[in-house]
Engineer: 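Just dropping this structure here.
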Amino acid sequence: MCGINGFSFNDKTLIKSMNESLVHRGPDNLSEYVNEFVSLGHARLSIIDLSDAASQPMFYFHKGRNLCIVFNGEIYNYLEIKKKLVNKGYFFSTESDTEVIMAAYLEWGENLVFECNGMWAFCIYDLDKNELFCSRDRLGVKPFYYYLKDEIFIFSSELKGVIEHDYLNINNISNINQEAVELYFSMGYIPAPLSIYNNVFKMEAGSNIVYDLKLKRIRKKYKYYEVPVLQNRSLKNDLISEGKELMNNSVKIRMRSDVPVGAFLSGGLDSSAVVGEMRNYTDPKKLHTFSIGFEEKKYDESHYINLVKDHFGTVHHHRTYKEKDFNSTWSSYSDIFDEPFGDYSSFPSYTVSKMA
């Protein structure tokens, strides 16, 4: 997972405090970088290149250019991008996808996002331009919250990090965003760019922000991606062939990892298909799957889960969700989500995640 933090001034104590608030996202390492203009922090969960060299904040130097990054996510096609960059004269000292992002920024600038296949929220500090380039992946898989007011810019993977800035009095009933409350009651969640607090926003999916540390303002904010309009296709066999290829490639590329990879298995078509594809790229004896069942039979899909795990021969872990699981979770629910969220399926989702 990982957690990223930062703000537009110097305060080592405060950036440490933000990191500690996100230790559940990245228990492997907490690190900071501070200079007169900016404070950056990272809570690391190691996935690719487990060495200390791949810890963040990470720096990259090339032909007189200096960059620093904090990054949450994974660039699935980083090896292909890296090969392009090596051919262009770039050098790498780690095996991480993090370093590849910075080299890609030096080569393609803000357009690096068009080269990337992955999920991400990152902030690149360009020391030469003295600005922050922040980006969120196309579908907004990875979170990015930011505070903007009175020449103060703060960002974090969670609201927990932002409200560590106690002097701003963000976490206060008088600072509740009324429009966000109305949207919550009509939609069950608070859509981007709003958050439950005034002056705190979610970066929208498929968006970039450039913050100028000298001028103390956002210099540029824009969407680089919109979900394409579906085009009518009449040739069924072509659709099936293309769909299989996309499914195969998407699962294969996500199997790149220096730690074990598993899957949640609901017994439905999508998770079952993913597990089936995963089996093509790993020993079934090493493929762990995780599922949740229910005592109430009309909600329970254990029968279908068993069919799939038996067919593919995975190392399976199953748990029946009971009232005691709910009772042990509900009191921490608001701490997990930070703001109102009305989808109760997240209770068993939390339980299966904890099990995994």
Side-chain angles (χ1 to χ4, degrees), residues 1 24-25 45 47 74 76 119 137 139-143 184 187-191 205 227 230 236 239-257 259-338 340-356:
M1 194 153 53
H24 55 281
R25 296 184 69 91
L45 180 68
I47 302 294
E74 190 171 349
Y76 302 122
M119 53 179 182
D137 62 72
L139 297 183
V141 177
K142 291 301 181 181
Y184 167 69
M187 301 178 72
Y189 71 102
I190 299 170
V227 176
L230 181 64
K236 182 178 178 180
L239 284 171
I240 292 173
S241 177
E242 186 178 342
K244 284 183 176 180
E245 184 178 358
L246 285 168
M247 183 73 175
N248 178 276
N249 290 339
S250 64
V251 172
K252 179 181 179 181
I253 204 167
R254 281 163 176 76
M255 296 290 286
R256 290 175 172 171
S257 176
V259 294
V261 177
F264 292 166
L265 179 59
S266 70
L269 181 62
D270 50 359
S271 67
S272 301
V274 167
V275 170
E277 289 292 341
M278 290 177 73
R279 203 180 69 131
N280 294 328
Y281 303 106
T282 188
D283 183 343
K285 295 178 181 178
K286 296 180 180 179
L287 176 52
H288 290 253
T289 50
F290 305 84
S291 64
I292 288 287
F294 297 93
E295 292 179 300
E296 179 60 55
K297 294 303 179 186
K298 68 177 180 178
Y299 297 118
D300 187 58
E301 296 179 324
S302 298
H303 170 69
Y304 304 105
I305 293 167
N306 290 332
L307 285 174
V308 177
K309 63 98 172 173
D310 289 343
H311 178 75
F312 292 123
T314 68
V315 182
H316 192 65
H317 311 267
H318 185 79
R319 177 169 171 174
T320 300
Y321 190 83
K322 298 183 178 180
E323 184 178 352
K324 65 178 182 179
D325 296 305
F326 174 80
N327 290 335
S328 66
T329 304
W330 73 265
S331 61
S332 59
Y333 201 66
S334 60
D335 185 55
I336 294 167
F337 283 96
D338 287 339
F341 182 67
D343 185 352
Y344 51 79
S345 69
S346 51
F347 282 99
S349 294
Y350 173 78
T351 301
V352 74
S353 299
K354 189 174 182 180
M355 180 171 65

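Small disclaimer: the values here were computed from a predicted structure and weren't measured.
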Engineer: Could you give the distance from OG1 (Thr351) to NZ (Lys322), rounded to the nearest 0.5 Å?
Structural biologist: 13.0 Å
Engineer: Only counting residues at least two apart or in another chain, list the ones meeting side-chain hydrogen bond (donor to acceptor under 3.5 Å, both in side chains) with Thr320.
Structural biologist: none
Engineer: Is any side-chain heavy atom of Ser353 closer than 4.5 Å to one of Phe264?
Structural biologist: yes
Engineer: Say you draw a straight line from NZ of Lys354 to OG of Ser328; how long is it, rounded to the nearest 0.5 Å?
Structural biologist: 6.5 Å
Engineer: In Å and rounded to the nearest 0.5 Å, what is the OG to CG distance from Ser349 to Asp343?
Structural biologist: 7.5 Å
Engineer: May I ask you to decide if Lys244's main-chain N or O and Asn248's side chain share a donor-acceptor pair within less than 3.5 Å?
Structural biologist: no
Engineer: So Arg256 and Val261, do their side chains get closer than 4.5 Å, heavy atoms only?
Structural biologist: no
Engineer: Would you say Thr289 and Met278 make side-chain contact, with heavy atoms under 4.5 Å?
Structural biologist: no
Engineer: Would you find more than 12 non-hydrogen atoms of other residues, nucleotides or ligands less than 6.0 Å from Leu246 atom CG?
Structural biologist: yes
Engineer: So which heavy atom on Ser291 is nearest to which on Met355, and how close?
Structural biologist: O-CE, 3.5 Å
Engineer: Within a strict 4.5 Å, meaning less than it, do heavy atoms of the Thr314 and Val275 side chains meet?
Structural biologist: yes
Engineer: Tell me whether Glu296 at atom CD has more than 12 heavy atoms from other residues, nucleotides or ligands lying less than 6.0 Å away.
Structural biologist: yes
Engineer: What's the spacing between Leu265 CG and Ile292 CD1 if we round to 0.5 Å?
Structural biologist: 11.5 Å
Engineer: Could you list the residues that satisfy side-chain contact (heavy atoms from CB on, under 4.5 Å) with Arg279, not counting sequence neighbours?
Structural biologist: Pro284, Leu287, Phe312
Engineer: At their closest point, which heavy atom of Val315 faces which heavy atom of His317, and how far apart are they?
Structural biologist: O-CD2, 3.5 Å
Engineer: Measure from the ring center of Tyr333 to the ring center of Phe347 and say whether it is less than 6.0 Å.
Structural biologist: yes
Engineer: How many angstroms lie between atom NZ of Lys252 and atom CD of Glu277, to the nearest 0.5 angstrom?
Structural biologist: 11.0 Å
Engineer: Give the minimum heavy-atom separation between Met247 and Asp270, together with the two atoms involved.
Structural biologist: CE-O, 4.4 Å
Engineer: Look at the side chain of Arg254 and the backbone N and O of Tyr76, then say whether any donor-acceptor pair between them is shorter than 3.5 Å.
Structural biologist: no
Engineer: Is there a side-chain contact between His318 and Ser302 (heavy atoms, below 4.5 Å)?
Structural biologist: yes
Engineer: Counting only heavy atoms not in Tyr344, do more than 12 sit closer than 6.0 Å to its OH atom?
Structural biologist: no
Engineer: Are Asp325 and Tyr350 linked by a side-chain donor-acceptor pair shorter than 3.5 Å?
Structural biologist: no
Engineer: Nearest 0.5 Å please: distance from the CD atom of Glu301 over to the OG atom of Ser266.
Structural biologist: 5.5 Å
Engineer: Treating Ser332 as the side-chain partner and Thr329 as the backbone partner, does any N or O pair qualify as donor plus acceptor under 3.5 Å?
Structural biologist: yes
